[in-house]
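Numbered from 1 within each chain, the chains take letters A, B, ... in sequence-line order.
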2 protein chains.
Amino acid sequence: MTIKIGVVGYGNLGKGVENAVKFNKDIELVAIFTRREPAKLKVSSNTKVFSVDDIEQWKDKIDVLVLCGGSATDLVLQTPKYAKMFNVVDSFDTHAKIPEHFNKVDKIAKASKTVAIISVGWDPGLFSLNRMLGNTFLPDGKDYTFWGKGVSQGHSDAIRRIPGVKTAKQYTIPMASALEAVRSGKKPNLTTRQKHRRECFVVAEEGADKNKIEQAIKTMPNYFSEYDTTVNFISEEEFSKNHLGMSHGGFVIRSGTTSQNMNHLIEFSIKLDSNPEFTSSILIAYARATYRLAKEGQCGCKTIFDIAPAYLSQKTSEELRRTLL
Amino acid sequence: MTIKIGVVGYGNLGKGVENAVKFNKDIELVAIFTRREPAKLKVSSNTKVFSVDDIEQWKDKIDVLVLCGGSATDLVLQTPKYAKMFNVVDSFDTHAKIPEHFNKVDKIAKASKTVAIISVGWDPGLFSLNRMLGNTFLPDGKDYTFWGKGVSQGHSDAIRRIPGVKTAKQYTIPMASALEAVRSGKKPNLTTRQKHRRECFVVAEEGADKNKIEQAIKTMPNYFSEYDTTVNFISEEEFSKNHLGMSHGGFVIRSGTTSQNMNHLIEFSIKLDSNPEFTSSILIAYARATYRLAKEGQCGCKTIFDIAPAYLSQKTSEELRRTLL
């Protein structure tokens, strides 16, 4: 018997889940739900597509619903809504609003006897887990999180709103000097500028004032003014050739001390060719955990901190102990 | 109210637990148990020392017993024995015998309604967790574990048994070329020789044949013959000055693929000035989890795969979500 999942939203993340199912033989993707016209949606597998308006009919045919929308406008509404009818997993990633989202979803999931795992992915997600374990095992220490090299969607959008910009991509890049200082065990205090730099690739409209665009980017408060920022103007061709990828990565380092002169470093890092495909692979594993918790009769909202690792794996506990412990 | 723990065995690990308690305000070390003469044991804290023969009297005064002996002769007997009376944590690290140890302890802990968490530390332990998570999130991939730079006790002991050797220390060192090949994402097949090299520091007896010792080391089957091994003869003074440390470290890398040309790397690494102090810090956190599971009425044997991360932390779940997710 397989775990039957449905996907809500067929963007990069939804496509990633559809792809990840291939590597998870115990999981079956039985339906993709969309707000668009179902007949017009081209999907990569044989999975049937349905209107999200008909989702209630699937109440007893789906074990876990994987919510693949954006945090700001989709998940904030969808997770509470669907947790009334389904066990759900989401990748809600607005860090400051996680407690509020958790409380809302928890109330509903408890009342509806469903399981909801929120904020699954790599940050929040695997990075959170490593921050937490680092804090736990080395209570006297300091945390460092670095993002990149990878695309920041928010910063790319901000550039695109500048008059004269046709399109743009912004890469967040950790400073090698900062990583080195942290790895030395010296627990440095790092400013925003010392931790990351920003590199922008901009396609300007014909006749636009490039100097003005560059200044507008570099002086933009919150987004760029606190960073060393490089602006490269490139052709549309070069943009399409080199800047449509979705690679990303990052580092979580805990530097701690247990007694005089006894310093320890724990470092976790990822390097991803496809941010959405990796995130989806994590979502699938937490969908499995959701199913297993629900089978046990549990309910309510959970995060990555609440899930015992064994719930995530296709392997039995006996197999895990024998082969991976 | 604090969690009351006891320590069995006052070697490096027991001392590490005694030290780690300082950073864990919710945990109190109430007793150290020893096979030696209690009055003669000098300890670093105000903790009272008792004979292990009197341990049964502590049945209702200790929440969790942290077993700090060696795997081969101590834990194999102690964990089953004490799981009859106490909730226990151990660092059993003979990988091949973990399933057998688990089954034995599980039966006893279930019958005695106690919780036993076994094989806690960094390998088995944190490294196992990272191997397992890597396998789960990137099912189509390859695992790599590198150890070091750090002392291998087993290899040091093997050298010390060679005639003419006064004392010796062996360092296991990961090959930089192997790490680089793995990080390139090429998923290389690496031989034993390609993964690690071995560096030995030997103090020879006066008049001993150093050439003969060097050959005996380099050709020793299982321990050295499959590796590139360097042998350095040094004075006793230099040995005492530079080779009494207990630093260690290592790397767990998962290299996986989610679709054509979409490769991902997950890397976890540690760099420790004191292997036993770090291991003890992990043991303390799992002692906390043991206590919490027991409070919930759970029983039986568990491993790192069975413990939800939140059980490990001093922080509340609400605090974890707000500050570390």
Side-chain angles (χ1 to χ4, degrees), chain A residues 16 19-20 23-24 95 98-99 102 119 124 126 128-133 135-140 143 183 185 249 256 258-259 261-274 277-278 280-282 285 303-310 312-315 317-318 320-322 324-325, chain B residues 16 19-20 23-24 95 98-99 102 119 124 126 128-133 135-140 143 183 185 249 256 258-259 261-274 277-278 280-282 285 303-310 312-315 317-318 320-322 324-325:
Chain A
N19 178 65
F23 304 104
N24 293 271
H95 288 263
I98 288 175
F102 179 92
S119 301
L126 295 191
S128 323
L129 180 62
N130 278 278
R131 281 189 291 262
M132 192 228 122
L133 294 178
N135 269 270
T136 302
F137 301 136
L138 296 172
D140 181 15
D143 274 340
R183 286 182 184 139
T258 52
S259 66
N261 295 323
M262 291 299 162
N263 299 311
H264 312 283
L265 277 179
I266 310 177
E267 177 167 342
F268 178 81
S269 68
I270 54 172
K271 201 169 148 244
L272 315 172
D273 280 349
S274 166
E277 286 190 11
F278 184 70
S280 304
S281 299
I282 303 177
T303 74
I304 204 160
F305 298 143
D306 305 309
I307 312 301
L312 304 169
S313 175
Q314 297 183 60
K315 298 189 165 75
S317 287
E318 190 281 329
L320 288 177
R321 286 191 294 269
R322 191 167 39 80
L324 292 167
L325 194 62
Chain B
N19 178 65
F23 304 105
N24 292 271
H95 287 264
I98 288 175
F102 179 93
S119 300
L126 295 191
S128 323
L129 181 62
N130 278 278
R131 281 189 290 263
M132 192 229 122
L133 294 177
N135 269 270
T136 302
F137 301 137
L138 296 172
D140 181 15
D143 274 341
R183 287 182 183 137
T258 52
S259 65
N261 296 322
M262 291 299 162
N263 300 311
H264 312 282
L265 278 178
I266 310 177
E267 178 167 342
F268 178 81
S269 69
I270 55 174
K271 202 169 148 245
L272 314 173
D273 280 349
S274 165
E277 286 191 12
F278 184 71
S280 303
S281 299
I282 304 176
T303 74
I304 203 161
F305 298 143
D306 304 309
I307 311 302
L312 304 169
S313 177
Q314 297 184 59
K315 297 189 166 75
S317 288
E318 190 281 328
L320 289 177
R321 286 192 295 271
R322 191 166 41 78
L324 292 168
L325 194 63

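- Of the two parts of B/P124, the backbone and the side chain both hold a non-hydrogen atom closer than 4.5 Å to a non-hydrogen atom of chain A.
- Both the backbone and the side chain of A/L312 come within less than 4.5 Å of a heavy atom in chain B.
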What do the steps show when you test A/N19 against B/M262 for side chain to side chain contact (heavy atoms under 4.5 Å, CB included), and what is the final call? CA-CA 12 Å; A/N19 178 65; B/M262 291 299 162; over 6 Å; no
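- Within the 4.5 Å cutoff, side-chain heavy atoms of B/L129 are placed close to those of A/P309.
- Heavy-atom distances place both the backbone and the side chain of B/F268 under 4.5 Å from chain A.
- Side-chain contact between B/T303 and A/L320 is absent, with no heavy-atom pair separated by less than 4.5 Å.
- Contact count versus chain A (heavy atoms, under 4.5 Å) is highest, among B/I98, B/N263, B/I307, B/T136, for B/N263.
- Using a 4.5 Å heavy-atom cutoff, the side chains of B/D273 and A/N261 are not in contact.
- In terms of non-hydrogen atom pairs under 4.5 Å with chain B, the most contact-rich of A/R131, A/E277, A/R183 is A/E277.
- With hydrogens and angles disregarded, no donor-acceptor distance shorter than 3.5 Å links the side chain of B/D140 to the backbone of A/F23.
- Listed options A/T258, A/I270, A/L272, A/I304 were ranked by heavy-atom pairs under 4.5 angstrom with chain B; first place goes to A/T258.
- Under the 4.5 Å side-chain criterion, counting only non-hydrogen atoms from C-beta, A/S317 is in contact with B/D306.
- A heavy-atom distance below 4.5 Å is not found between the side chains of B/R321 and A/S128.
- Taking 4.5 Å as the limit, every side-chain heavy atom of A/N135 sits out of range of all side-chain heavy atoms of B/S313.
- Smallest separation of non-hydrogen atoms from B/L324 and A/M132: CD1-CA, 4.0 Å.
- Within the 4.5 angstrom heavy-atom criterion, atoms from both the backbone and the side chain of B/E267 approach chain A.
- Between chain A and the options B/P99, B/G185, B/S274, the largest number of non-hydrogen pairs under 4.5 Å is found for B/S274.
- Nearest heavy-atom pair, B/L325 versus A/H95, reported as atom, atom and distance to 0.1 Å: O-CE1, 3.4 Å.
- In this structure the side chain of A/L126 reaches within 4.5 angstrom of the side chain of B/F137, judged on heavy atoms.
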